Structures are given as structure tokens and as C-alpha cells.
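Report on one structure; see the data block that follows.
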Amino acid sequence: MILNYNFRNYNFRLVLYVLALNCIGLLVINSASGQDSGLVQKQALGIVLGLAVMAVISLIPYQKILTYSWGIYAGCIVILVAVLLFGRNVNGATRWIEVAGIQFQPSEFVKHGMIVFSSWFLVKHLETLNSIRTLALIAAVFAVPLALILEEPNLSTTLVIVFVLVCMVFVAGLSYKWIFGTLAVIVPVLGLLMYLARFTDVLNRIPFLQGYQITRVLAWLNPDEYAATGYQQANSIMAIGSGMLHGKGLNNNTLASVKNGNFLSEEQTDFIFAVIGEELGFIGCVAVIALFAVLVYECLIMAHRAKDMSGKLIGCGVSALLAFQTFANIAVATGIFPNTGLPLPFISYGVSSLVSMYIGLGVLLNVGLQRNMR
């Protein structure tokens, strides 16, 4: 099968965009961590491992991977249950597990496992997609892994997966009657919740929100009243603004820096965009956003050229994941979203997130290798 591929269809541009983001990530992680060589080496190792895994997966026909969809789904459930039973609790959340001395975050891999499973599952139900029975079945099947992730608790990852699944269902051919009907209910309900969320007692009654999540939402809605909770976002915004056009330069040692002044607790992960804004300035921020934009564009083009619906759905899922997670991370750093704890793809420190993203791109690259030539 490998010999039958036309490697002129291999999207090397996508790989180059990712490597450019990785290089920026290594430079900024080095600066944000106070030039901690250990963190930089782990991230570099993750890049090498991710590239190798991506290269191998990109040569495996995605149709063959789809035949193991139920196995992938079952594997996702097993590792999520294992996290709840044997995972390590950090700051009230159980999201990490250690296997053979290697610690990783299963929910990062579940994101991509659900994209593969969803593409297969939706294609199997294309004919009856708009029936109440099929939509109820889809909701029931996906509710299991989502509930397990929410139990960790990990609301941000749950929302990411929900967004990706909604995009995939839309591309699969969901009727506009369902779309407009759902929006007619969700929009006013969200508006009402946004208003009522200003009252602490109302938020406390929402079952899937934890105490710290409630506090984050309140700090986002009322920054002056909850300044002690929202200080990280406030400092992040000031850091980005202080970089002005050209930034203060990498590895700067000013005491007012977010990394040197201990103004942020997760500057190499969740708030790495604040370091980019401060040290690389507006130009650096625009360059990073532009790289993500062309990366998502390449993913969408590959989805458009896919030779079947399964390939289109995989491309849609990977595109939606990259776009939403990138937007969410930057939105948190700039105060548009409440603090969510999502990494910036290919830039934030974190080997689990890095390798899982490479796995997703590997499957998508194979979709591109088999693209429709019309």
C-alpha cells in the first residue's frame, strides 16, 4: 500500500508550519522556565517522538485505522476509568496516570481517539443522521467518555471535545432544522445564565461546575470584585501590552517580567502566550497567530479534498480541535474567556499534548495522501 502512494500529495507545508511553531515553543519555554534545560530537553524529546509517530501513522491507510474504531472507543473508556481509579491527584484534579514510569494525560489522547471513532460512527449513521433515534444514540455513545473526563474534573477538555463533535456532526449533514432549533434554545439560555452567573448562589447550583471553576467564572464576569482570583489574567494582559511592537526580547531579566516577577504560575503552559506577547511583542503574536491560521487552513483544504466522508470528517475534527484550542488559550491570556487551563498546541510545554497532536496530524496526512484528484 505504501508503494502506491503519490508522495507529491504529502503535505510537507503542514509539517513545516508545525515545526516553526515547535521552534518558537522551545525558545519561549526556555525563557519562561528561567532557562530550565530539563524542561526544554523533555519538550524537544516530545517533538522528536511526535514526528516519528506522525510519520509512521501517516503511512497507515486511515481506512484500516477506522476498522478498529470500537477498539479505539473502548481504549478511551478504559484509560479514562484507569485515571479515576489510579491517577495522581494534583490540586483537586485527577488527570494524570503513570504507566511503566511514564506519566501522561490520557484525555489529550482521547481527543484524537474520539475524532477517529466519530468519523467512523457518523458515516455508519449518515442515512438516518437527522432522526431523533440516531441523534439520541450519538448523544448516548459520546456521553460516556465526556462524563468520565468531566469527573476528573476537566471541564475545559470536555468543552473542546463537545465543540469538535458538534462540528463533525454538522459536516456529516445535520439538518438546519436541528441547528436553528437548537440555537433557538441555547442562545437565550446562555444569555440568561451569563446574567444569572453574576450571582454566586446560582452558580453553586450548577451540578457540573466545581468550586474553583465557579470562582474563575465570577472573576471573569466581575474582575474588580474578584481581583485576587483573576490576577493571573490581569497580569497576562499587562504583560502582552508591555511588549508593545517589538517585545522586550527573549530571556530578558527585568523584574517586571511575568516570569521573573512570579506574576503567573503556569507561564510555560497555560499562559505561554503572555510570554510571547511580552518578549516577542505584537509582531511575534501576529506571527504565531498567522502560523496557526495557515495550519488550520491546510487542514481544512485536506478535509475538502478527501476522497470520502470519513476523510472529510477526520479533517474537520482535527481542524476544529486546533482552531478551538488555539483560540481558547489565546482568549484566556487576553481575558476574552475565563481561565480554562488549555495548552497552546505545539507551543506550550507538555509532552502528552504535543505527541497527541502529532498523532492527529498523522492520520490527517494519510487522508491527504489519498486525496481526491478531481
Side-chain angles (χ1 to χ4, degrees), residues 18-19 21-22 24-26 28-29 32-33 36 38-57 72-73 75-117 145-146 148-161 164 265-273 292 317-318 320-322 324-326 328-329 332 340-364:
V18 170
L19 287 176
L21 290 170
N22 283 153
I24 294 172
L26 287 175
V28 179
I29 289 170
S33 63
D36 185 334
L39 288 184
V40 177
Q41 287 173 7
K42 286 181 181 178
Q43 187 76 353
L45 180 61
I47 293 171
V48 173
L49 176 61
L51 282 169
V53 172
M54 181 187 71
V56 172
I57 293 178
I72 292 172
Y73 177 84
C76 290
I77 301 301
V78 168
I79 60 173
L80 289 175
V81 171
V83 169
L84 296 178
L85 295 177
F86 311 109
R88 187 166 65 93
N89 187 291
V90 178
N91 297 326
T94 306
R95 303 175 184 175
W96 299 84
I97 194 169
E98 186 172 318
V99 178
I102 300 175
Q103 182 176 276
F104 67 99
Q105 189 173 356
S107 60
E108 292 294 332
F109 296 92
V110 169
K111 293 176 187 176
H112 299 277
M114 293 309 296
I115 289 175
V116 171
F117 174 76
L146 291 174
L148 290 172
I149 294 173
L150 195 59
E151 185 64 24
E152 293 182 358
N154 194 342
L155 179 61
S156 56
T157 297
T158 305
L159 293 176
V160 169
I161 295 176
V164 171
S265 61
E266 300 292 342
E267 60 266 27
Q268 75 275 12
T269 53
D270 302 345
F271 283 95
I272 199 164
F273 194 76
F292 278 116
V318 175
L321 175 59
L322 278 170
F324 184 76
Q325 191 160 316
T326 299
N329 179 276
V332 168
T340 59
L342 287 171
L344 188 59
F346 301 111
I347 291 184
S348 291
Y349 173 75
V351 176
S352 293
S353 174
L354 186 61
V355 174
S356 68
M357 282 292 182
Y358 269 116
I359 290 173
L361 288 185
V363 179
L364 181 57

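Just so you know, these numbers come straight off a predicted model, no measurement behind them.
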* To do: Using atom types as modelled and distance alone, determine if a side-chain donor or acceptor of Gln43 lies under 3.5 Å from a backbone N or O of Ser348.
  => yes
* Structure fact -> To the nearest 0.5 Å, atom CG of Leu344 lies from atom CD1 of Ile272 at 7.0 Å
* What are the two closest non-hydrogen atoms of Ala44 and Leu26, and how far apart are they? -> N-CD2, 3.9 Å
* Asked: So Tyr358 and Leu51, side-chain contact (heavy atoms from CB on, under 4.5 Å) or not? Walk me through it.
  -> CA-CA 7 Å; Tyr358 269 116; Leu51 282 169; 3.7 Å; yes
* Atom pair CD1/OG of Ile97 and Ser107 - distance to nearest 0.5 Å -> 11.5 Å
* Val318 and Gly360: which non-hydrogen atoms are nearest, and at how many Å? -> CG2-O, 3.8 Å
* **Chi angles and distances behind the side-chain contact (heavy atoms from CB on, under 4.5 Å) call for Leu321, His112** => CA-CA 9 Å; Leu321 175 59; His112 299 277; 3.2 Å; yes
* To do: Search all heavy atoms of Ser352 against all heavy atoms of Phe109 and return the closest pair with its distance.
  => O-CZ, 3.8 Å
* Minimum heavy-atom distance between Tyr73 and Pro145, given as atom pair plus value -> OH-CD, 3.8 Å
* Report the residues that fulfil ring pair (Phe, Tyr, Trp, His ring centres under 6.0 Å) with Tyr349, sequence neighbours left out, ordered by chain and then residue number. => none
* Heavy-atom donor-acceptor pair, Arg88 side chain to Thr94 backbone, under 3.5 Å -> no
* Asn22 and Val18, any side-chain heavy atoms less than 4.5 Å apart -> yes
* Any donor-acceptor N or O pair under 3.5 Å, side chains Ser33, Asp36 -> no
* Structure fact -> So CD1 of Ile359 and CG of Leu354: to nearest 0.5 Å the spacing works out to 10.5 Å
* To do: Can you measure from CD (Glu267) to CD1 (Ile29) and round to the nearest 0.5 angstrom?
  => 11.5 Å
* Between Lys111 and Val164, is a side-chain contact (heavy atoms from CB on, under 4.5 Å) present by the stated rule, with each step listed? -> CA-CA 9 Å; Lys111 293 176 187 176; Val164 171; over 6 Å; no
* Structure fact -> Separation between CG (Leu19) and CD1 (Ile47), nearest 0.5 Å, reads 8.0 Å
* Give the minimum heavy-atom separation between Trp96 and Val83, together with the two atoms involved. => N-CG1, 4.3 Å
* Taking all heavy atoms of Ile161 and all of Leu146, pick out the closest pair and write down the distance. => CG2-CD2, 3.6 Å
* Checking side-chain contact (heavy atoms from CB on, under 4.5 Å) for the pair Glu152/Leu80: CA distance, chi angles, key distance, verdict? -> CA-CA 9 Å; Glu152 293 182 358; Leu80 289 175; 3.7 Å; yes
* Asked: Among all residues two or more places apart in sequence or in another chain, which pass the side-chain hydrogen bond (donor to acceptor under 3.5 Å, both in side chains) test with Thr340?
  -> none
* Looking only at atom types and distance, does a side-chain atom of Asn329 sit under 3.5 Å from a main-chain N or O of Asp270, one as donor and one as acceptor? -> yes
* Keeping the roles fixed (side chain from Asn154, backbone from Ile149), state whether a donor-acceptor pair exists under 3.5 Å. => no
* Hey, is the main chain of Pro343 close enough, under 3.5 Å, to the side chain of Gln325 for a donor-acceptor pair? -> yes
* Asked: Once you round to the nearest 0.5 Å, how far does CG of Leu342 lie from OG1 of Thr157?
  -> 6.0 Å
